[in-house]
Number of protein chains: 2
Amino acid sequence: MPTPPRTSLDAIVTAGRAILETHGLAGLTMQATARAVGVKAPSLYKHVADRDALVGLIADAAALDLAERLAAQDGLAGLARELRAWARAHQEAYRLAFSGRGSEQALATAAAPVLATTRALVGEESALDAARLVTAWATGFLSMELAGAFRLGGSVDDAFEYGLDRLTAALSR
Amino acid sequence: MPTPPRTSLDAIVTAGRAILETHGLAGLTMQATARAVGVKAPSLYKHVADRDALVGLIADAAALDLAERLAAQDGLAGLARELRAWARAHQEAYRLAFSGRGSEQALATAAAPVLATTRALVGEESALDAARLVTAWATGFLSMELAGAFRLGGSVDDAFEYGLDRLTAALSR
DNA sequence: ACCTGAACACCGTTCAAGT
DNA sequence: ACCTGAACACCGTTCAAGT
């Protein structure tokens with residue numbers, strides 16, 4: 001006898017994102033996710049292949065969220081500061097989005113505005129190299145900041161602005 | 001009746017490093033580590049508090065290994081290229097060392113030569129900010145490279161040298 | 001057509017009992 | 001004084017049985 005679904009992929013991913021942020025990736029269990037959407041764990045397998053797939057979908061949702069924010073920005077400084085603000089506001093989602101567990105497509109969407117900006121700064125030929133410089137710096141900085149790796153004193157805010165300033169200078173003309 | 005230990009912390013950490021590199025962090029189980037040193041899993045708890053502590057010790061051993069390599073280098077380019085060579089040769093160890101699961105001390109030791117180099121380049125006042133710029137870029141670049149995140153074409157080697165060149169220019173005088 | 005209980009394999013960890 | 005078997009709680013995952 002056919003039965004209507006009691007949950008949906010959308011509800012599952014949304015619940016997963018909330019659990020991720022409150023309990024971390026380790027707390028994002030199939031059981032916890034199922035409970036959040038009102039079913040038992042085995043039912044989730046009607047909607048996702050396995051936990052890895054669920055984690056990947058959550059990573060993509062986060063990356064697309066970020067992409068939307070970045071698309072509204074202009075210039076290297078705006079992009080970098082918005083990325084940092086987003087990362088600090090959604091630490092677990094940020095870590096997951098850049099962990100390589102999502103699709104390449106979602107991350108590429110988020111990176112597109114950076115590429116457009118470097119193209120304007122250094123021209124077509126060096127745009128990709130320059131985007132990789134900026135992206136590597138920004139994501140490296142944030143992963144260190146979120147991990148609490150800046151422990152030698154000094155202002156982390158100042159270090160971010162210093163890096164942004166030096167990179168902007170290095171990519172000018 | 002006293003019994004001599006059948007293994008040691010050193011042997012456990014060494015075995016753990018080998019398992020990490022061949023089977024990844026997920027494969028680094030207490031059981032696998034115990035088997036590698038010839039005891040059963042519960043015996044490991046005589047030497048380490050729990051799996052997290054073991055993982056932390058392995059992260060530190062890797063970071064100190066890297067620190068030794070970096071200490072033999074001179075100049076930004078030498079440091080960056082040696083870091084990249086080491087990261088590619090010990091991918092899992094690299095990821096773990098920079099994951100924040102080790103002690104701050106071990107990573108600080110590895111970072112010391114970078115700080116010394118930026119001090120020589122930009123002076124005492126900006127040395128820390130500059131070291132953070134370089135470190136963030138290098139670790140960000142490598143985490144992306146190891147994750148296979150550079151998929152838009154172009155030469156990854158060229159992108160690395162481009163970044164190194166632009167950063168060197170940005171930190172000159 | 002979806003959901004569930006029960007079961008399985010596999011973790012980390014504890015601890016009483018062996019030597 | 002160290003090591004082990006047995007046990008426990010907790011995972012992810014499968015599947016026959018319910019509705």
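Sequence lines set the chain letters: A, B, ... in the order given, protein chains first and strands last, and positions in each chain run from 1.
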(request) Please report, rounded to the nearest Å, how far the P atom of C:dC2 is from the CG atom of A:Leu9. (result) 13 Å

(request) Provide, to the nearest angstrom, the distance between the NE2 atom belonging to B:His23 and the P atom belonging to C:dC11. (result) 12 Å

(message) Considering every strand and a 4.0 Å limit on heavy-atom distances, what is the contact class for B:Thr33: base, sugar-phosphate, or nothing?
(response) nothing

(message) Could you tell me if the side chain of A:Arg81 sits less than 4.5 Å from the side chain of A:Gln73, heavy atoms only?
(response) no

(request) Take the protein atom NZ of B:Lys40 and the nucleotide atom P of C:dG12, then report the distance between them rounded to whole Å. (result) 15 Å

(request) Can you tell me the distance, in whole Å, between the OH atom of A:Tyr45 and the C1' atom of C:dT4? (result) 14 Å

(request) Any strand is fair game: report the nucleotide pairing with D:dC3 by Watson-Crick or G-U wobble, both distances under 3.5 Å, or none. (result) none

(message) If you only use heavy atoms from C-beta on, which nucleotide in D:dT4, D:dG12, C:dT4 is closest to the side chain of B:Arg6?
(response) D:dT4

(request) Would you kindly give the NZ-to-P distance between B:Lys46 and D:dC2, to the nearest whole Å? (result) 7 Å

(request) If C:dC8 has a Watson-Crick or G-U wobble mate with both distances under 3.5 Å, name it; if not, just say none. (result) D:dG12

(request) Give one of base, sugar-phosphate or nothing for A:Pro5, where a contact means two heavy atoms less than 4.0 Å apart. (result) sugar-phosphate

(request) Over all heavy atoms of both residues, which pair between A:Ala110 and A:Leu70 is shortest? Give the atoms and the distance, please. (result) O-CD1, 3.4 Å

(request) Name the closest nucleotide to the B:Pro42 side chain, picking from C:dC15, C:dG12, D:dC3. (result) C:dC15

(message) Less than 4.0 angstrom between a side-chain N/O of B:Gln31 and OP1 or OP2 of C:dC10, yes or no?
(response) no

(message) Given D:dT4, D:dG12, C:dT4, identify the nucleotide with an atom nearest to the side chain of B:Ser43.
(response) D:dT4

(message) Could you tell me how far apart B:Asp52 (CG) and C:dG12 (P) are, to the nearest whole angstrom?
(response) 11 Å

(message) When you compare the side chain of A:Leu25 with that of A:Arg95, does any pair of heavy atoms fall below 4.5 Å?
(response) no

(request) Could you state the atom-to-atom distance from CE of B:Met30 to C1' of D:dT4 in whole Å? (result) 15 Å

(message) Is the terminal nitrogen or CZ of A:Arg132 (NZ for Lys, CZ for Arg) located under 6.0 angstrom from the six-membered ring centre of B:Tyr162 and within 45° of that ring's axis?
(response) no

(request) Select base, sugar-phosphate, or nothing to describe what B:Ser8 touches, counting heavy atoms under 4.0 Å on all strands. (result) nothing

(message) What is the separation between atom CZ on A:Arg35 and atom P on D:dC10, rounded to the nearest whole Å?
(response) 11 Å

(message) Between A:Asp65 and A:Arg17 (salt bridge meaning N to carboxylate O under 4.0 Å), is one present in this structure?
(response) yes

